[in-house]
Amino acid sequence: SHDNVFIAGMFSETCDFDPSENYEYNLMAPGNADIFLCQLDMNGNFVAAAAMGGPGSDVGVNVGADSTGGVYIHGAFGGYSVQPSDFDPGSGSFTLTSNNATYDIFLAKYKGASKSVGFNHVQGNVISDHVFPNPTQGLLLIQTVEPGTLEILNSNGDLIDRFSGT
């Protein structure tokens, strides 16, 4: 998106997200293991980074960007904790709670690595929602089929796209 590179994943403890030798941009994981979103420019220079999560284990599995600057992360949160995970990368708060103390999946949209835009959450492994831009012009099903793999299907169950974070 706009000649930027976005990286998402999981980290624990404290991590330096600035790849340069002269500077540091340290983030501390809010919980056991948490989600990060890092933004670099087209030359690999650090732009921004953010941490999201809660006391359990949370992970960003797939990341993608659109032409308007929106950055999408799909992943899992909860990790056997029923305490809330905070998905707002700023000083605000947007919490989701895994009600069944296992991993639930999420799809979040951010504006770069610093501002949240919207969220979808589902218990289990399927999100059913309207998403824009939408290649099917209708209802999409977004599901995890195995750890690290996301499928997008149209309302008829036809595969639209498949992404693997491995």
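Taking CZ from F11 and CZ from F17, the interatomic distance works out to 4.5 Å, rounded to the nearest 0.5 Å. Here CG of N32 is found 9.5 Å from CD of E13. Values are rounded to the nearest 0.5 Å. Between the OH atom of Y25 and the CG atom of D16 there is a distance of 11.0 Å, given to the nearest 0.5 Å. Annotation: the span from F6 atom CZ to Y72 atom OH amounts to 11.5 Å, rounded to 0.5 Å. A distance of 10.5 Å separates CD of E24 from SG of C15, quoted to the nearest 0.5 Å. M42 CE to N4 CG: the interatomic distance, rounded to the nearest 0.5 Å, is 9.5 Å.
With no hydrogens or angles considered, a side-chain donor-acceptor pair links D18 and S20 at under 3.5 Å. Checking T14 against N26 by side-chain atom types alone, no donor-acceptor pair falls below 3.5 Å.
Looking at D34, its side chain never comes within 3.5 Å of a backbone N or O of V59 through a donor-acceptor pair. Without hydrogens or angle criteria, D86 side chain to D88 main chain gives a donor-acceptor distance under 3.5 Å.
What you find for D58 and G53 is that their closest heavy atoms are OD2-CA, 3.2 Å. Between I35 and G60 the shortest heavy-atom distance is CG1-N, 3.7 Å. The two residues M28 and A51 make their nearest non-hydrogen contact at O-CB, 4.4 Å.
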Apply side-chain contact (heavy atoms from CB on, under 4.5 Å) to residues Y110 and I73 and explain how you reach the verdict. CA-CA 8 Å; Y110 297 93; I73 300 177; 3.9 Å; yes
Could you go through the side-chain contact (heavy atoms from CB on, under 4.5 Å) check for L37 and V71 one step at a time? CA-CA 9 Å; L37 176 60; V71 179; 4.1 Å; yes
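Under a hydrophobic-cluster definition in which Ile, Leu, Val, Met, Phe, Trp and Tyr are linked whenever side-chain heavy atoms come within less than 4.5 Å, directly or via other members, V47 and M52 are assigned to different clusters.
Note: F46 and Y23 fail the aromatic proximity criterion, with ring centroids not under 6.0 Å apart.
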